[in-house]
Each structure stands twice: as structure tokens, then as C-alpha cells.
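Remember, predicted model here, so these are calculated numbers, not experimental data. One is the number of the first residue; the rest follow in order along the sequence.
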Amino acid sequence: MPKITRPLRSVLYIPASKERALDKARTLACDAIIFDLEDAVTPDEKPAARATLAEALKADGYGNRFKVIRINGLDTPWGAEDAAAAAKMGADAILLPKVGSPADLDALAAIVGNTPLWAMMETPGAMLNAVAIAQHKQLQAMVMGTNDLAKDLQTRFRADRLPLMTGLGLCVLAAKAHECAIIDGVYNAFKDDEGHKIECDQGRDMGFDGKTLIHPAQLDVANAAFSPSEEEADTARRQIAAFEEIEASGQGVAVVDGKIVENLHVATARETLAKLDAIAALNSEH
């Protein structure tokens with residue numbers, strides 16, 4: 001499955017049953033939308049939500065936002081019908097909850113064909129099978145389900161997320177090893193911008209590509225945290241310039257801010273500037 005090269009800084013959950021929310025999402029500055037048929041929809045609303053979502057996606061208007069449908073698990077009464085319907089809705093990917101092994105993705109692929117798949121990583125078993133899951137030929141991204149993981153681990157909440165670090169780290173390693181995108185879990189206190197920023201910064205520093213969000217109020221913090229800063233962009237430009245100057249002269253060592261600049265630093269610098277260009281392109285189309 002081709003690697004996702006576009007930004008996924010902010011990945012917003014939208015209830016598939018709420019027409020007003022589906023409409024508002026067309027105007028929000030999110031990089032991706034997860035249209036949720038699972039947790040955000042009550043059991044009695046699920047069949048109707050499927051139809052509501054199909055109509056919304058048919059009408060479109062979501063621009064360049066990456067569109068993902070989270071279905072119910074295939075072990076539920078709704079999962080198989082969700083999968084069959086989602087495959088016809090024209091979304092960019094289908095997200096399967098509580099993936100525990102590659103076999104779960106195989107079962108979904110048998111229904112949806114070659115549609116790209118995303119996997120919710122939210123159980124201890126998923127953490128231990130992260131490498132095998134990341135290797136699945138149709139997997140495009142992993143999404144951390146930190147609330148469910150914390151429940152299964154029987155942890156207490158900590159702002160530093162220390163009890164979750166082993167699982168988060170295993171999934172980041174697996175995703176990076178097999179070129180999957182990886183999105184951090186939600187921050188529940190959607191009015192707490194300071195706490196949200198701390199968690200976004202932590203996720204960015206760990207290597208996550210973006211963060212899942214439960215409310216539009218969280219968009220600005222996530223977009224800023226997972227975007228290169230002006231300082232990072234300036235450093236990247238100076239590193240590239242210094243390295244190219246030394247390379248052209250054929251002598252000396254490139255140094256920026258008292259630090260040696262090597263090939264790997266230049267590669268990272270170019271990735272930083274490419275990400276800024278991609279973000280600018282997205283913003284111009286919102």
C-alpha cells in the first residue's frame with residue numbers, strides 16, 4: 001500500500017449519525033476526518049447512520065481532507081454491513097477498531113477489496129502484534145486508541161502517560177519500520193488547551209504524524225504542534241545552504257549554530273521544508 005505523504009496533523013472524529021456535524025466538517029481546518037460509525041453512534045442509530053454518511057459523502061464538499069470511515073468491529077452485528085457499505089462510499093480508507101492481528105485486517109479486506117485500511121491499536125494484544133499488523137499489505141495507517149488501552153491495562157491517568165509508553169513506543173517503531181502513518185490517541189479534556197498542547201508536543205517528539213481529536217476546539221493546537229515551527233524552518237534552510245556550500249567547494253565541514261551538519265541532517269531538513277510546502281498547499285484549499 002503506498003505510503004501517505006500528505007500531512008495528517010489533525011484527524012477529527014465526526015459522528016456519522018449527525019448531519020449538522022457532517023456538514024460543519026466541510027469547513028474545518030483538519031487534515032483528515034474519521035467518520036465514525038462505531039463509538040459515536042448508539043446501537044439503535046447505526047443502520048440510519050450508515051445511510052446518513054453515504055449521503056454526506058455522495059454530496060462531498062470535503063475538499064482535500066483525507067476521508068476515513070471507522071466501521072464497527074466485524075464481530076458485532078453491524079460490522080460486516082458497515083464494511084460492505086463503506087467500500088462503496090468513496091472514502092480514502094476504512095478504519096477497523098480493536099485490531100489484534102493481521103487476520104483481522106484480512107477479514108476486512110475480504111469484504112472491501114483493495115481499499116486502503118487503517119487499524120485502531122487499542123488493546124494489549126495489538127501492542128504485542130504491532131510489527132505483524134504494520135506489515136499487512138493493505139495497511140496505510142495505525143491509530144492509537146489510548147482510552148481503551150488504558151482501560152485494558154487498568155492504569156490510572158497520568159499527564160506524562162508513562163503507563164502507556166511501552167505500547168505507544170512499540171506502535172511507533174512498527175509503523176516507522178514499515179512506512180505506515182501513525183496517529184496519536186485523543187486528549188479527552190477538550191477545553192484544556194494547555195494539557196492538550198503538552199500531549200501533542202509529546203506525541204510529536206515521539207514520532208507520531210498527528211493526533212486524533214474529539215472536538216473542533218482542539219484543531220489549532222494540534223495543527224501547530226505537528227507543523228514545523230518558524231525556527232525549525234529557518235534552521236533547515238541554513239543547514240541545506242551550509243552543506244551545499246561546503247559540498248560545492250569540496251573542502252571543510254558544514255557547521256550551523258555550532259553543530260556539524262551531515263547528510264542525515266540535510267535529509268531531515270529537506271523533509272521539514274517539504275512538509276511546510278504540503279501544509280501550505282492544504283491551507284490554500286481549505
Discussion item. I'd like to know whether CG of L264 has more than 12 heavy-atom contacts from other residues, nucleotides or ligands below 6.0 angstrom.
Written reply: yes

Worksheet entry | E199 (side chain) donor-acceptor with A159 (main chain) under 3.5 angstrom | no

Practice prompt. Group every Ile, Leu, Val, Met, Phe, Trp and Tyr by side-chain heavy-atom contacts under 4.5 Å, then state whether V172 and M165 land in the same group.
Written response: yes

Discussion item. Test side chain to side chain donor-acceptor pair (under 3.5 Å) on S10 and N223; report intermediate values, then the result.
Written reply: CA-CA 6 Å; S10 50; N223 282 337; 2.7 Å; yes

Item to complete: Would you mind checking if E244 and R270 are paired as a salt bridge, meaning a charged N to carboxylate O distance below 4.0 Å?
Response: yes

Worksheet entry | N/O donor-acceptor pair under 3.5 Å between K176 side chain and G207 backbone | yes

Discussion item. Let's go through L149 and T123 carefully: what are the C-alpha distance in whole Å and the side-chain angles of both, what is the deciding distance for side chain to side chain contact (heavy atoms under 4.5 Å, CB included) to 0.1 Å, and is it a yes or a no?
Written reply: CA-CA 5 Å; L149 181 60; T123 66; 5.8 Å; no

Practice prompt. State the CZ-CG distance between R6 and D31, to the nearest 0.5 angstrom.
Written response: 6.0 Å

Discussion item. Within the 3.5 Å criterion, strictly below it, is a donor on E45 or T42 matched to an acceptor on the partner's side chain?
Written reply: yes

Discussion item. Within the structure provided, determine whether L22 and T52 are in side-chain contact (heavy-atom separation under 4.5 Å).
Written reply: yes

Worksheet entry | Shortest non-hydrogen contact from G185 toward T146 | CA-OG1, 3.6 Å

Discussion item. Test of understanding: clusters of I, L, V, M, F, W, Y form through side-chain heavy atoms closer than 4.5 Å, transitively. Do V256 and F243 belong to the same one?
Written reply: yes

Worksheet item: So, R158 side chain and L164 main chain: donor-acceptor pair closer than 3.5 Å or not?
Response: no

Discussion item. Looking at N114, I want to see if its CG is surrounded by more than 12 non-hydrogen atoms of other residues, nucleotides or ligands under 6.0 Å.
Written reply: no

Discussion item. Side chain to side chain contact (heavy atoms under 4.5 Å, CB included), that's the test. Do I69 and L37 meet it? Break it down for me.
Written reply: CA-CA 7 Å; I69 300 172; L37 291 166; 3.8 Å; yes

Response to the item:
Distance col, row F208:CZ vs M142:CE, nearest 0.5 angstrom, shows 10.5 Å

Worksheet item: Could R9 and D209 be called an ion pair, given the rule that one side-chain N must be under 4.0 Å from one carboxylate O?
Response: no

Worksheet entry | Considering all heavy atoms, the nearest I133-A119 contact | CG2-CB, 4.2 Å

Worksheet entry | Residues that, via side-chain heavy atoms closer than 4.5 angstrom, fall in one hydrophobic cluster with V143 | I4, L8, V11, Y13, I34, F66, V68, L95, W118, M120, I183, V186, F190, I214

Practice prompt. Could you grab the distance from atom NZ of K58 to atom CG of L53, nearest 0.5 Å is fine?
Written response: 13.5 Å

Worksheet item: Do the side chain of D36 and the main chain of E38 share a donor and acceptor less than 3.5 angstrom apart?
Response: yes

Worksheet item: Does a side-chain heavy-atom distance below 4.5 Å link T268 with V266?
Response: no

Discussion item. Please determine whether the number of non-hydrogen atoms from other residues, nucleotides or ligands lying under 6.0 Å from atom CG of D220 exceeds 12.
Written reply: no

Worksheet item: Looking only at atom types and distance, does a side-chain atom of N129 sit under 3.5 Å from a main-chain N or O of A132, one as donor and one as acceptor?
Response: no

Worksheet item: Quick one: are Q239 and T235 in side-chain contact, heavy atoms under 4.5 Å?
Response: yes

Worksheet item: Can you check whether L28's main-chain N or O pairs, donor with acceptor, with R65's side chain at less than 3.5 Å?
Response: yes

Worksheet item: Taking C-beta and beyond as the side chain, do H196 and H215 meet within less than 4.5 Å on heavy atoms?
Response: no

Fill in: Nearest heavy atoms of P163 and L153, plus distance in Å
O-CD1, 3.9 Å

Discussion item. Contact between I182 and C171 at the side-chain level, heavy atoms closer than 4.5 Å - yes or no?
Written reply: yes

Discussion item. Side chain to side chain contact (heavy atoms under 4.5 Å, CB included) for L96 and L117? Distances and angles first, verdict last.
Written reply: CA-CA 8 Å; L96 184 65; L117 306 182; over 6 Å; no

Item to complete: In sequence, state the C-alpha distance, the side-chain angles, and the governing distance for M144 and M127, and then conclude on side chain to side chain contact (heavy atoms under 4.5 Å, CB included).
Response: CA-CA 10 Å; M144 300 307 303; M127 305 301 103; 4.0 Å; yes

Worksheet item: So, H178 side chain and A175 main chain: donor-acceptor pair closer than 3.5 Å or not?
Response: no

Discussion item. Do D152 and Q154 make a side-chain contact, defined as non-hydrogen atoms from C-beta onward lying under 4.5 Å apart?
Written reply: no

Worksheet item: Between the main-chain N or O of K151 and the side-chain N or O of T155, is there a donor-acceptor pair closer than 3.5 Å?
Response: no

Discussion item. Looking at K98 and D104, is there a salt bridge between them, counting it only when a charged N and a carboxylate O are closer than 4.0 Å?
Written reply: no

Practice prompt. Find out whether the Lys NZ or Arg CZ of R204 is both under 6.0 angstrom from the six-membered ring centre of F226 and within 45° of the ring's axis.
Written response: no

Practice prompt. Determine, using the 4.5 Å side-chain heavy-atom cutoff (strictly less than), whether V99 and L139 are members of one ILVMFWY cluster.
Written response: yes

Worksheet item: Taking a hydrophobic cluster as the set of Ile, Leu, Val, Met, Phe, Trp and Tyr residues connected by side-chain heavy atoms closer than 4.5 Å, whether directly or through intermediates, do I198 and L213 fall within one such cluster?
Response: no

Worksheet item: When hydrophobic residues are tied together by side-chain contacts of less than 4.5 Å, even through go-betweens, does L282 share a cluster with L276?
Response: no

Item to complete: Could you tell me whether a side-chain N or O of Q140 sits under 3.5 Å from a main-chain N or O of K3, the two making a donor and an acceptor?
Response: no

Response to the item:
Of all heavy-atom pairs linking K211 and C200, the shortest is CD-SG, 3.4 Å

Item to complete: Give a yes or no on this: more than 12 heavy atoms of other residues, nucleotides or ligands lie within 6.0 Å of atom CD of Q135.
Response: yes

Worksheet item: If we only count heavy atoms from C-beta on, is the D106 to Q138 side-chain gap below 4.5 Å?
Response: no

Discussion item. What's the separation between atom CD1 in I240 and atom CZ in R237, rounded to the nearest 0.5 Å?
Written reply: 9.0 Å

Fill in: Main-chain N/O of N72 paired to T76 side chain as donor or acceptor, under 3.5 Å
no

Discussion item. To check you understand the geometry: which heavy-atom pair defines the closest contact between R26 and A56, and what is its length?
Written reply: NH2-O, 3.0 Å

Worksheet item: Going from CG on L108 to CD1 on I111, what distance comes out if it is rounded to the nearest 0.5 angstrom?
Response: 6.0 Å

Fill in: Minimum-distance pair of heavy atoms, taken over all atoms of D193 and A217
OD1-O, 4.3 Å

Item to complete: Evaluate the side-chain proximity of K67 to L57: yes if any heavy-atom separation is below 4.5 Å, no if none is.
Response: yes

Worksheet entry | Between CD on residue E232 and OG on residue S227, distance to nearest 0.5 Å | 9.5 Å

